[in-house]
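Everything on this sheet refers to the single structure shown next.
Worth knowing before you read on, the calculation uses all heavy atoms, side chains too, and leaves out hydrogens, waters and symmetry mates. Order of listing sets the numbers, starting from 1, for every ligand and every atom in it. Not measured: the values here are computed from a predicted model.
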Amino acid sequence: MWKRISVCAALFGLAGCAAQPGVAQTPSRQQFSVVHSQEEWRKQLTPEQFQVLRQKGTERAFSGKYFDSHDVGQYFCAGCGQLLFSSKDKFDSGTGWPSFVRPAQEKSVLEVTDTSYGMERVEVECSSCGGHLGHVFQDGPKPTGLRYCINSASLDFKKQ
Ligand code: FE
């Protein structure tokens, strides 16, 4: 959070942290409905889940359990259980990460400007617990043209 604030402050000045049009800013920690300390998260999650969800890590391409899954069902947040994505919106992107054209519900995710690693990307977070899910890119297929590139480790699939 502090890193994000300081990056915004450096880029835009403290008076106005300008958001990209259509890109929601992460609410403050107090606004998430599911809040745990890092220690609590570490106990609750597997090491892979913790690294992705709470430390904004990225799993290796083609290493996760869902990138090649074609099962019908829904994907929930591995941190808090919120519904995030549906198999009907999943497509084979060839990237090695599960890819979706949209979230299951617009309110499920937050999209936040991410300027880490010298790139400008849009990070996708769970709107309930703030867990890092992945990024969204504008090179997806129709009908949305969006590619939600999501780490398997942040997801928990339930077959229909
Ligand atoms: Fe969550």
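- Ionic pairing of R54 and E40 is not present here: no N-O contact between side-chain nitrogen and carboxylate oxygen is shorter than 4.0 angstrom.
- Excluding waters, the count of protein N/O/S atoms less than 2.8 Å from the Fe ion (ligand 1) comes to 4.
- Here the rule is side-chain contact (heavy atoms from CB on, under 4.5 Å) with E123, and of D114, V136, V109 only D114 fits it.
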Could you list the donor-acceptor pairs under 3.5 angstrom formed between side-chain atoms of residues 80-88 and any protein atom two or more places apart in sequence or on another chain?
residue : atom : partner : partner atom : Å
Q82     : NE2  : S108    : O            : 3.1
Q82     : NE2  : S127    : OG           : 3.2
S86     : OG   : K88     : N            : 3.2
S87     : OG   : G73     : N            : 2.9
S87     : OG   : G73     : O            : 3.1

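- Remark: the backbone N or O of L133 is not paired with any side-chain donor or acceptor of K56 at under 3.5 angstrom.
- Taking the centre of each ring, F91 and F100 stay at or above the 6.0 Å mark.
- Note on ring orientation: taking the six-membered ring where Trp is involved, the planes of H135 and H132 are perpendicular (angle over 60°, cut-offs 30° and 60°).
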